[in-house]
Asker: 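Questions regarding the structure given below will be posed in turn.
Computed over heavy atoms, backbone and side chain alike; hydrogens, waters and symmetry mates excluded. This chain uses plain numbering: 1 for the first residue, then up along the sequence. Both counts, for ligands and for their atoms, begin at 1 and track the order of listing. What you see is a predicted model; the values in this text were computed from it and never measured.
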Amino acid sequence: MYIDGKWKAGNSDFAVTNPATGEVIGRVPDANEHDIEAAVAAADIAFADWKKTTAYQRSELLYRAWELMVRQKSQLAELMTREQGKPLKASLNEVQYGADFLLWFAEEAKRMYGQIIPSARENQRFLVHKSPVGVVGAITPWNYPISMITRKLAPALAAGCTVILKPAESTPLCARAMMEIFDEAGFPPGVINLLTVQNPSRVGEVFCTDPRVRKLTFTGSTQVGKELNGLAATNMKRVSMELGGHAPAIVFPDADPVHAAKGLSLVKFLNTGQACISPNRIFVHEDHAEPFIQELTSRASRLKAGNGLENGIGIGPLINELAVGKVDGQVKDAISRGAKVHTGGQRLTEKGLSGGYFYAPTVLSGVTEPMRIYREETFGPIAPVITYRSEKDVIAMANDTEYGLAAYIYSNDIGTAMRAFEALDFGIIGINDINPTSAAAPFGGLKNSGLGREGAQEGIEEYLETKLGGFAI
Ligand code: NAD
């Protein structure tokens, strides 16, 4: 753990395993009640001085952390592949994406502008000032174990907040590596603190109830997000919630189905489908289903599964046994209700894969509403294809979900694309674009996908309070 600028062992610890092999790759401290209290106290005390630093001082520290991160890109990526399982090239991309947030918010720190507002009264002036929220509790997931940390910490630190980070129990080593970077960059003691813990519920409770913590920022499942949001609400905390998704991808009849299949196979199988913006329902016009499915199947069946540190690996493992069970359960349910398997459809245990949590890249067609996969987030390498007849039908089907994070459209007609963009109830929409994410662009969802936005200009607002001064002169 890293508390008040010092590394700390715990009274007990827990193991971290490589999901590709099942091998134990490290042990980390298991925070107890006293450690949690020490971290909250350190962040609270540090806030008094940190909030008085200038934006230029905070910017310089973030910039230094960015430099260190870029310099250590390959070591961080290798650690990520060992701990989380994604192929090395994908880990390198994630480290770069993670570093981008440090640089972006090093710059945005200097643009926390206030306002002077004209008053209706001659002898009055209004001044609007932005100030940091205070101590922030940050809870991050395992699927993007570095970028989800910087996407929260960079804007919080830029704004002048202090932070306690609780990473996912499957990927604490990436969090520890990031803490080493922040430590080396020279952030003062207590400004950033790390609690690794096997059972996260007590930390979550403290973040939502302790009066010294002013804000909770959470990325994870909708179920846990809702529980924490409820508790935070009763204690009047600020929250940001980046939750689950069930992204539709629509291939319109004017698009090239082969080109669309190429793009959607890349984004579907990225990170073994363990992404909140992964396409979960692929809607293809019935006239184009055949060439689309053929191309998608051919690409999925050629992906080589294995340990992401080896050459030529296109798809890594799922995170754990539970994830394999969930994915397999959805596939079996779909088959039992009439879906057709074009490739995959089972766990992979041959050719040295038996120690890990591998599932074959899978293409299903004939997916219909009664199937679980039609409604539930999958978080695995399954591409369910659903056919449709009209634009009106497909927009209604795409919006028919409790989630509202990402959506994808393939169309070569500007009118169709614009109508779909406007009609889809999602926070992020890729139009002939499979990667609509960047530190410069607002990331977040509608409905049960969450509250607030990360990245972009809006990202820093999540960590700022607005203070009004009314001056009678
Ligand atoms: P999860 O909710 O189980 O865990 C996420 C984090 O919450 C972990 O750090 C975990 O330790 C912690 N946590 C779990 N229970 C807790 C509790 N009671 N109190 C406090 N903390 C608790 O989710 P997961 O399965 O690890 O992650 C996958 C989910 O995250 C998916 O639903 C995915 O869509 C979502 N996700 C969303 C985004 C986004 O930006 N919207 C990004 C990545 C992942």
Side-chain angles (χ1 to χ4, degrees), residues 14 16 19 28 30-31 36 84 86 94 97-98 101 137-152 164-172 174-175 194-210 213 216-232 237 239-247 270-280 318-327 376-380 401-406 426-428 436-437 441-456 459 462:
F14 62 98
V16 184
V28 294
D30 194 5
I36 301 170
Q84 195 268 347
K86 67 185 70 170
E94 187 190 332
Y97 178 57
F101 289 101
I139 299 182
T140 51
W142 48 265
N143 59 342
Y144 286 89
I146 283 188
S147 57
M148 295 302 100
I149 291 177
T150 53
R151 198 161 83 175
K152 296 185 183 309
I164 307 147
L165 167 67
K166 193 220 73 67
E169 46 280 23
S170 316
T171 55
C174 280
L194 169 69
L195 290 172
T196 50
V197 64
Q198 195 164 21
N199 178 352
S201 55
R202 182 64 192 142
V203 180
E205 196 183 315
V206 169
F207 285 176
C208 294
T209 56
D210 192 298
V213 180
L216 169 70
T217 173
F218 174 84
T219 295
S221 60
T222 294
Q223 188 198 342
V224 175
K226 279 186 169 178
E227 280 166 26
L228 293 175
N229 191 27
L231 194 55
K237 308 278 184 206
V239 293
S240 299
M241 293 277 155
E242 294 289 352
L243 309 177
H246 194 38
L270 187 72
N271 206 12
T272 319
Q274 302 170 113
C276 49
I277 60 168
S278 185
N280 264 266
L318 289 164
I319 193 68
N320 54 30
E321 195 61 48
L322 216 64
V324 175
K326 183 183 172 202
V327 167
E376 291 176 14
E377 184 180 34
T378 303
F379 241 56
T401 167
E402 62 175 301
Y403 296 106
L405 189 57
F426 294 84
I428 303 162
T437 59
F443 189 106
L446 320 180
K447 303 198 275 189
N448 276 348
S449 291
L451 296 168
R453 292 293 179 273
E454 291 190 326
E462 301 277 331

Asker: Can you give me the closest heavy-atom contact between Leu405 and Gly444, atom names plus distance?
Answerer: CD1-C, 3.5 Å

Asker: Would you say the side chains of Asn448 and Glu402 form a donor-acceptor pair under 3.5 Å?
Answerer: yes

Asker: I want to know if ligand 1 touches Thr222 in the polar sense, i.e. an N/O pair below 3.5 angstrom.
Answerer: no

Asker: Side chain to side chain contact (heavy atoms under 4.5 Å, CB included) with Lys86: which residues, sequence neighbours excluded?
Answerer: Met80, Gln84, Ala90, Ser91, Glu94, Tyr144, Pro145, Asn271

Asker: Evaluating non-hydrogen atoms only, which member of Val224, Leu216, Leu243 is closest to atom 37 (C) of ligand 1?
Answerer: Leu243

Asker: When you measure from the heavy atoms of Tyr144 to every atom of ligand 1, does any distance fall below 4.0 Å?
Answerer: no

Asker: Under 4.0 Å, heavy atoms only, figure out whether ligand 1 is touched by the backbone of Met241, its side chain, both or neither.
Answerer: neither

Asker: Could you tell me if any non-hydrogen atom of Lys166 lies under 4.0 Å from any atom of ligand 1?
Answerer: yes

Asker: With heavy atoms of Trp142 as the reference, note each atom of ligand 1 found under 4.0 Å away.
Answerer: 24 (P), 25 (O), 26 (O), 27 (O)

Asker: To the nearest 0.1 Å, how far is atom 39 (C) of ligand 1 from its closest protein heavy atom, and which atom is that?
Answerer: Cys276 SG, 3.2 Å

Asker: Output the list of atoms in ligand 1 that are nearer than 4.0 Å to some heavy atom of Thr219, sorted by atom number.
Answerer: 5 (C), 6 (C), 36 (N), 37 (C), 38 (C), 39 (C), 40 (O), 42 (C), 43 (C), 44 (C)

Asker: Against heavy atoms of Pro167, which atoms of ligand 1 measure under 4.0 Å?
Answerer: 9 (O)

Asker: Which of these, Leu451, Val224, Leu216, Leu243, sits in a side-chain contact (heavy atoms from CB on, under 4.5 Å) with Asn229?
Answerer: Leu451

Asker: State the atoms of ligand 1, each with its element, that fall below the 4.0 Å cut-off from a heavy-atom position in Ala168.
Answerer: 8 (C), 9 (O)

Asker: What protein heavy atom is closest to atom 23 (O) of ligand 1, reported as residue, atom name and distance in Å?
Answerer: Ser221 N, 3.3 Å

Asker: Checking Phe207 now: which residues fulfil ring pair (Phe, Tyr, Trp, His ring centres under 6.0 Å) with it, not counting sequence neighbours?
Answerer: none

Asker: Does Leu405 have a heavy atom less than 4.0 Å from any atom of ligand 1?
Answerer: yes

Asker: Kindly identify the option in Phe379, Phe207, Tyr403, Phe443 whose heavy atom sits closest to atom 31 (C) of ligand 1.
Answerer: Phe379

Asker: If the cut-off is 4.0 Å to any non-hydrogen atom of Thr140, which atoms of ligand 1 fall inside it?
Answerer: 6 (C), 8 (C), 9 (O)

Asker: Which ligand 1 atoms are under 4.0 Å away from a heavy-atom of Glu377?
Answerer: 31 (C), 32 (O), 33 (C), 34 (O)

Asker: Just checking, any donor-acceptor pair under 3.5 angstrom between side chains of Lys152 and Thr140?
Answerer: no

Asker: Under 4.0 Å from any heavy atom of Ser201, which atoms of ligand 1 are there?
Answerer: 17 (C), 18 (N), 19 (N)

Asker: Let me confirm one number: the CZ-CG distance from Phe426 to Leu446, rounded to the nearest 0.5 Å.
Answerer: 8.0 Å

Asker: Could you tell me, atom by atom, which parts of ligand 1 come under 4.0 Å of a heavy atom of Asn143?
Answerer: 43 (C), 44 (C)

Asker: Ligand 1 and Ala275, any nitrogen or oxygen pair closer than 3.5 angstrom?
Answerer: no

Asker: Indicate whether atom 1 (P) of ligand 1 is within a distance of less than 4.0 angstrom of some protein heavy atom.
Answerer: yes

Asker: May I ask which of Glu205, Arg151, Met148 has a heavy atom nearer to atom 40 (O) of ligand 1 than the others do?
Answerer: Arg151

Asker: Looking at ligand 1, does Arg453 have a heavy atom less than 4.0 Å from it?
Answerer: no

Asker: Please confirm whether the backbone N or O of Gln274 pairs with a side-chain atom of Asn143, one donor and one acceptor, at under 3.5 Å?
Answerer: yes

Asker: With no hydrogens and no angle check, just 3.5 Å: does a side-chain donor-acceptor pair link Thr378 and Asn280?
Answerer: yes

Asker: Under the 6.0 Å and 45° cation-pi test, does Arg151 pair with Phe443?
Answerer: yes

Asker: Around Gln198, counting heavy atoms of other residues, nucleotides and ligands shown, do more than 12 lie under 6.0 Å from its CD?
Answerer: yes

Asker: Take every heavy atom of Gly225, measure it against each atom of ligand 1, and state whether any distance is under 4.0 Å.
Answerer: no

